[in-house]
Q: 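Pasting a structure here, questions to come.
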Amino acid sequence: MLLRLSVALFFALTFGAIVYWRLSPVQEAVADPDPNLVAAADDAFQQGTASRTDVAAAKLKFAHAADLYSQLTNASPSPNLFVDLGNASLLADRLPEAIFAYQRGLQIAPDDEVLRRHLRYARVLVAYGPSELGKPSDDVWPLWLPVRTLLQWGALAAYALSLFLLVRTWITRCVKPFVYACSSAVAFVLFASLPRFFVDDRPLLVIAHDNVPLQLGNGPSYSPHPELPFLTRGMEARLVASRGDWIFLQTATGQLGWVPVDAALSDSAFFLDNKDTSKN
Amino acid sequence: MVAPSVEQAASVLRLTFDRRSLALICLFLAASRSPAQSIDPPVTRPLDFSDLVGAYRIQSAANLTEVRVEHPVLLKVMILGKGPEKYHPRLEKLNIFPTDTLEQFFIEPMPDLTRAFPEKDMWEFTFRLRPKSTDVTHLPGLKLVMYNPARRKFQPSYADAIPLTVIPVQDPSVKLDLKVVQAPDSFYEIRPLTPPSRWRDSLSTAVLVGMPIGCIAWYLAWRRRHPDREHVRAHRRSRAARTALGRLQAATHAHEVSAVVAVYLRDRLDFPAQEATAPEVRRFLLRWGVSRQCAQQWAAFLADCDAARFEGVKTPQSDRLPAEAITLIRDLEDQTCSSA
């Protein structure tokens, strides 16, 4: 009986590992960024920094740098490039693009300290109303604490320990290592599933303009949302559905409504398709 | 002139119509009377209907008469009147601005500034309007469309347009000799471009895939290196077996062997009898789920023990009794362990 149970646990663990591996955001191999483009972007950024006392001129330089970094991140996304893109966008007074860049970087490196700190700063610049509707909850974890990475390591360690104890069970045929193996398996499931609670799988949206009307239907004739009639630039939301040129979104505080597709930034397939069709 | 009395009118009617015609006239009059008046407006409604039922009038006032382009001016809208509570004025239902207002203004309702005084028949709403250009000369006139259930029709109420002077925004090219710091210094630093590190993903994959394979390989290697450790492992589980095996090493006589075996069976399997006889042990072991062959071997062994003990004859078989007992105990341990 003990042997059968331990073999069953072994297969369950193996299956769990396959599921965990499939669901983990494993970073795909990306092409190296074009060195000429990197040099041009860095040069534009440094020119902007050099002329930071002249706000208008600096803005133009930072905007140019942001455009170049955007091309780089599309070709070879990496956390460092997203930091540069976010910084250049923020300094060029493109707050929505900056927030969007930091968020995309955090999708690749969820525990990156610089990305988290700069995102916090950028969120402060968003003009939420006095009721703070639409404002995402604060990132409560200390910047030095890589929670998701620790959970990932914890899951791997629990998984390895559980398998080790299962083999000890087969060798000694004792109940004690099997009990410990079961405990480790439970720890593996907990560590593996906890990060899912931190992440919202729905595509991220960032409102691109000020005073975007949030409406109760997919058209301008519908009534505005009673609680949050207008969205401001930089507000974050999640894409729920789409119809025609309108998208149905949910704000960070739960308000649901429709906005035109060109009022928000996103990297979801729907937006990319829409851009393609609009180009054609 | 004296008005005719009711009796006179009735007598005139009786003279004019017969009884049957009078009954029909009464029925017609009863049917033609309006039913209990419903407060709900009809389904077909004007486009600018504000979902308001009753008798109301609208007034408006602005906090400024001069404003810069895209700067806010607050338009206070007061609605005065009475109506059923179900259709009292509500901000989200108001449709009071002309259709072309959005071409001239950005309009933002201010729910926080909405105030309602139903007991005084007054509601107050505030809108923040931002003129889009200097072409704007007036804050828009307002039109409040309501449904009057007494007259059973939709009626408008108007508020006049308010003159407004819109001046251009301040010239943004004015330079101030100030060092403007837009963000902390860390935002002005370029992060060194390092190739993305994928060792974490590689390690995760290695652990997730490699661990089961490694564990199976470890177990198979252990089995190959310790082919008889299975027995040792099984024997370790039974303190009774260990004790019995130890005593059998020192046992020379058949009665000692028989006693050790009986103690082992009692301690290990709770054999109830004091003396272990062959038929009892056979039946007992079969009940325990031991194989028939093993039970037979145990019965034969105990019969040999009894023969050696009671006949007093020392045969070559009696010398082999301790070794045979050790083999039988190991077999029994294997079977009971695997069945456990």
Side-chain angles (χ1 to χ4, degrees), chain A residues 1-3 10 13-14 17-18 20-21 24 26-27 29-30 32-33 38 42 45-46 48-49 52-56 58 76 78-81 83-84 87 90-91 93 108 114 117-118 121 129-131 149 152 156 159-160 163-164 166-167 170-174 211 223-227 229-230, chain B residues 47 90-93 95 102 106-112 130 172-173 175-184 186-198 200-205 207-212 214-216 218-219 222-223 226 229-230 233-234 236-237 337-340:
Chain A
M1 191 68 177
L2 182 67
L3 195 65
F10 177 83
L13 272 172
T14 312
I18 292 169
Y20 179 61
W21 185 65
S24 296
V26 177
Q27 189 181 341
V30 291
D32 288 335
V38 172
D42 289 351
F45 191 92
Q46 280 165 350
T49 307
R52 59 196 278 191
T53 49
D54 184 357
V55 178
S76 50
S78 77
N80 290 2
L81 276 176
V83 170
D84 294 338
N87 293 350
L90 189 121
L91 295 171
D93 197 21
I108 301 173
V114 177
R117 188 170 63 238
H118 286 199
Y121 183 86
S131 56
T149 307
Q152 190 182 3
L156 288 177
Y159 171 73
L163 287 175
F164 170 80
L166 277 181
V167 179
W170 295 341
I171 291 173
T172 60
R173 301 290 166 91
C174 290
N211 293 323
S223 309
H225 194 283
E227 295 174 3
F230 288 92
Chain B
L47 283 175
R90 278 174 294 168
L91 180 62
E92 67 271 16
K93 298 286 185 184
N95 199 351
L102 282 174
F106 297 108
I107 303 175
E108 183 183 355
M110 309 279 291
D112 297 344
R130 297 169 191 265
S173 64
K175 288 184 181 176
L176 302 173
D177 291 325
L178 294 173
K179 185 180 178 182
V180 180
V181 178
Q182 290 184 313
S186 65
F187 282 80
Y188 291 92
E189 294 168 3
I190 296 176
R191 220 173 175 194
L193 197 61
T194 52
S197 166
R198 284 186 287 277
R200 283 183 181 175
D201 298 334
S202 308
L203 190 65
S204 302
T205 309
V207 171
L208 291 172
V209 177
M211 272 303 288
C215 286
I216 291 172
W218 174 27
Y219 181 66
W222 177 83
R223 284 285 301 266
H226 307 281
R229 288 290 290 275
E230 284 284 315
R233 182 257 316 146
R236 274 184 188 160
R237 290 191 65 240
C337 281
S338 61
S339 66

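Naming convention: chains lettered A, B, ... in sequence-line order (proteins, then strands); numbering from 1 in each chain.
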Q: Between B:E108 and A:F230, which heavy-atom pair has the shortest distance, and what is it?
A: CA-CE1, 3.4 Å

Q: Do you know the tightest heavy-atom contact between A:Y159 and B:V207?
A: CE2-O, 3.5 Å

Q: Indicate yes or no: at least one non-hydrogen side-chain atom of A:L91 is less than 4.5 angstrom from one of B:Y188.
A: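 Contact flag for A:L91/B:Y188 side chains = yes.
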
Q: Select one option (side chain, backbone, both, neither) describing which atoms of B:L91 are under 4.5 Å from chain A's heavy atoms.
A: neither

Q: For B:P111, is it the side chain, the backbone, both, or neither that has a heavy atom closer than 4.5 Å to a heavy atom of chain A?
A: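 Answer is side chain: those atoms of B:P111 sit under 4.5 Å from chain A.
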
Q: I need the A:R52 CZ to B:F187 CZ distance, nearest 0.5 Å.
A: 12.0 Å

Q: Find the distance between OG1 (A:T49) and CD (B:E189) and round it off to the nearest 0.5 Å.
A: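 If we round to the nearest 0.5 Å, A:T49:OG1 and B:E189:CD are 9.5 Å apart.
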
Q: Identify which of A:T14, A:N87, A:L13 forms the greatest number of heavy-atom pairs closer than 4.5 Å to chain B.
A: A:N87

Q: Only counting residues at least two apart or in another chain, list the ones meeting ring-ring contact (aromatic ring centres under 6.0 Å, His included) with A:F164.
A: B:W218

Q: To the nearest 0.5 Å, what is the distance between CD1 (B:I190) and CG (A:D42)?
A: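 Taking CD1 in B:I190 and CG in A:D42, the distance rounds to 4.0 Å.
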
Q: What part of B:D112 gets within 4.5 angstrom of chain A, counting heavy atoms only: side chain, backbone, both, or neither?
A: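 Contact with chain A is through the side chain of B:D112 alone.
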
Q: Side-chain contact, heavy-atom cut-off 4.5 Å: A:L166 with B:Y219?
A: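 In short, these two side chains do not touch, never coming nearer than 4.5 Å.
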
Q: Could you tell me whether a side-chain N or O of A:N211 sits under 3.5 Å from a main-chain N or O of B:F106, the two making a donor and an acceptor?
A: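 Side chain of A:N211 to backbone of B:F106: no pair is present.
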
Q: Once you round to the nearest 0.5 Å, how far does CG of A:L163 lie from CE of B:M211?
A: 5.0 Å

Q: Among A:E227, A:Q46, A:H118, who wins on heavy-atom pairs under 4.5 Å with chain B?
A: A:H118

